[in-house]
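No experiment lies behind these values; they were computed from the predicted model shown.
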Amino acid sequence: MPPLPWPEPQAAVVRPLVAWYRRAGRDLPWRRSRDPYPIWISEVMLQQTQVERVKDFFRRFLERFPTVADLAAADEAAVLQAWEGLGYYRRARQLHAAARQIVADCDGVFPQTISGLRALPGVGRYTAAAIASIAFDQPEPIIEANSRRVLARLAGDDRLLQGPQADEPLWQLAAELVPKRQGAGRFNQALMDFGAIICTPENPRCTACPLVAACQAHQQDRVAEIPNLPAARSIRQLQETVLVLRHRGRLLVQRRQAGEWWEGLWDFPRVLPAGVVTSGRRRLGEVTYTVTHHKVTCRIVSLTVDERPRPGRQERWVRPTELTELAMTAPGRRIAVMIASLP
DNA sequence: AAGCCGGGGAT
DNA sequence: ATCCCAGGCTT
């Protein structure tokens, strides 16, 4: 793919951007140290998740798992519990597996090369470059939601940015801009703060932009059209029924299996387990939730269980108060809260 | 290359 | 309601 035609020299972007960052950059909890461990945790939490949402999760997670050794020694259930509500739970399982990999294969020493970082589950091209530049100041470029938008606008790149191949010219541009001797991590974080604060998706603050003189999109009055991203996928409607099974003050919860949504998290059953005899069916109401590109309307049915077989490995009969200790799915948690408030 | 995976905040 | 978000992995 041909490189982006763009006349501006590196200094016309890097100097004003870093100057802006020194003045207006965000004070974020994971910027207090150059330790790769908290930087790694923050980068994984930030995958497809906004900064404001991550802050509290990050603080609590580091309090609970202060070092990579603590994380490796933890049960996966504890890691999922710390992740509950953050979404994309595969990240939590991979984070845990990666911590064990670092302890087992690297003697607990965090990988310091791009290839070593990318060998960790859950660390892809962006995350490896982010850790390498921020923790180790290696001159690695990054392309993610913010820098993609900022660089596409600066270069006036109106191509449809669909698929990883389409990003290649932007990676190349980022590689040309990133400082080679020092300050790579600072520059990359400046790009992201700049995209989050000035060069926003809607109503970018071009009048306050220190890079406006270098911005091709602005000069051509095409800022609103760039980046040219594929249209969002349509949302599918689904119907579900959740069963709240009660037996002598206890409730049945099941752990979501591989291949299901929310693998590893606890939830109420959708179908009656074999061997369970019930009576006293009544409707408790409905919850509506959205998951990825599905909108699910979920009926909640309460049943009294007269006889029950022994629970399976992935099942537990728990007292309502015990639900607070389990990592639950978002709709499961909402239903649990609803049950607790029932007369 | 396309589909899959969460959840909440902003607009 | 719709869009957006410090992406990675599987098929």
Side-chain angles (χ1 to χ4, degrees), chain A residues 25-26 28-31 39-58 80 83-95 97-98 117-135 140-151 160-167 171 174 185 187-197 199-204 224 227 229-237 256 258-265 267 287-296 327-334:
Chain A
R26 294 174 289 188
L28 300 174
W30 46 89
R31 289 183 179 167
I39 291 169
W40 169 52
I41 301 297
S42 75
E43 288 301 338
V44 174
M45 286 186 169
L46 286 160
Q47 288 166 6
Q48 294 294 288
T49 310
Q50 289 175 333
V51 166
E52 285 306 316
R53 253 193 91 44
V54 165
K55 285 181 178 174
D56 282 341
F57 281 95
F58 174 82
L80 283 173
W83 208 270
E84 187 196 310
L86 200 50
Y88 288 122
Y89 297 92
R90 185 167 63 174
R91 295 184 294 178
R93 296 194 305 273
Q94 288 174 324
L95 201 69
L117 290 164
R118 286 208 62 168
L120 301 173
V123 177
R125 185 177 183 182
Y126 160 75
T127 303
I131 297 170
S133 63
I134 297 169
E140 296 291 339
I142 56 159
I143 290 297
E144 44 68 68
N146 290 299
S147 59
R148 177 181 297 113
R149 181 172 61 252
V150 171
L151 296 180
L160 178 62
L161 297 179
Q162 185 168 43
Q165 282 297 321
D167 277 336
W171 280 98
F187 171 77
N188 284 339
Q189 293 179 89
L191 266 182
M192 295 190 280
D193 276 20
F194 188 77
I197 295 170
C199 198
T200 50
E202 300 297 326
N203 306 316
L229 299 173
R233 294 183 50 189
S234 59
I235 292 190
R236 215 172 302 176
Q237 308 277 340
R256 291 287 186 134
E260 295 186 291
W261 287 347
W262 298 292
E263 177 184 349
L265 274 67
D267 202 356
V287 296
T288 302
Y289 60 93
T290 304
V291 42
T292 313
H293 52 278
H294 301 275
K295 184 184 168 103
V296 185
M328 296 195 75
T329 69
R333 180 60 71 199
R334 284 173 57 187

Can you check whether [X] has a side-chain N or O nearer than 4.0 Å to OP1 or OP2 of [N]?
X: A:R148; N: C:dA6; result: no
X: A:Q48; N: C:dG7; result: yes
X: A:R149; N: C:dC5; result: yes
X: A:Y89; N: B:dG7; result: yes
X: A:W30; N: C:dA6; result: no
X: A:T49; N: B:dG8; result: no

ask   = Between A:N146 and A:I235, which is nearer to the 5' end of DNA chain C once each is assigned its nearest nucleotide?
value =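 It is A:I235, whose closest nucleotide lies nearer the 5' terminus.
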request  = Tell me which of A:E43 and A:L120 sits closer to the 5' end of DNA chain C, going by the nucleotide each one is nearest to.
outcome  =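 It is A:E43 whose nearest nucleotide is closer to the 5' end.
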task = Look at the side chain of A:R91 and the base of C:dG7, then say whether one donor and one acceptor between them are separated by less than 3.5 Å.
result =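 Side chain to base: no pair present.
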Upstream residue (5' side of DNA chain B) when A:Q165 and A:A330 are each assigned their closest nucleotide =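 First, find each residue's nearest nucleotide; the 5'-ward one identifies A:Q165.
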C1' gap between B:dG9 and C:dG8, integer Å =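 Taking atom C1' in both B:dG9 and C:dG8, they lie 23 Å apart.
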key: CD on A:Q47 to CD on A:E144, rounded to 0.5 Å   =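 So the gap between those two atoms works out to 11.5 Å.
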Of the listed nucleotides ([options]), which one gets closest to any side-chain atom of [X]?
X: A:Q50; options: C:dC5, C:dG8, B:dG6; answer: C:dC5
X: A:E202; options: C:dC4, C:dC9, C:dA6; answer: C:dC4
X: A:T292; options: C:dA6, B:dC5, C:dG7; answer: B:dC5

task = Using a 4.0 Å heavy-atom cut-off across all strands, classify A:G195 as base, sugar-phosphate, or nothing.
result =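 A:G195: no heavy atom of the nucleic acid under 4.0 Å.
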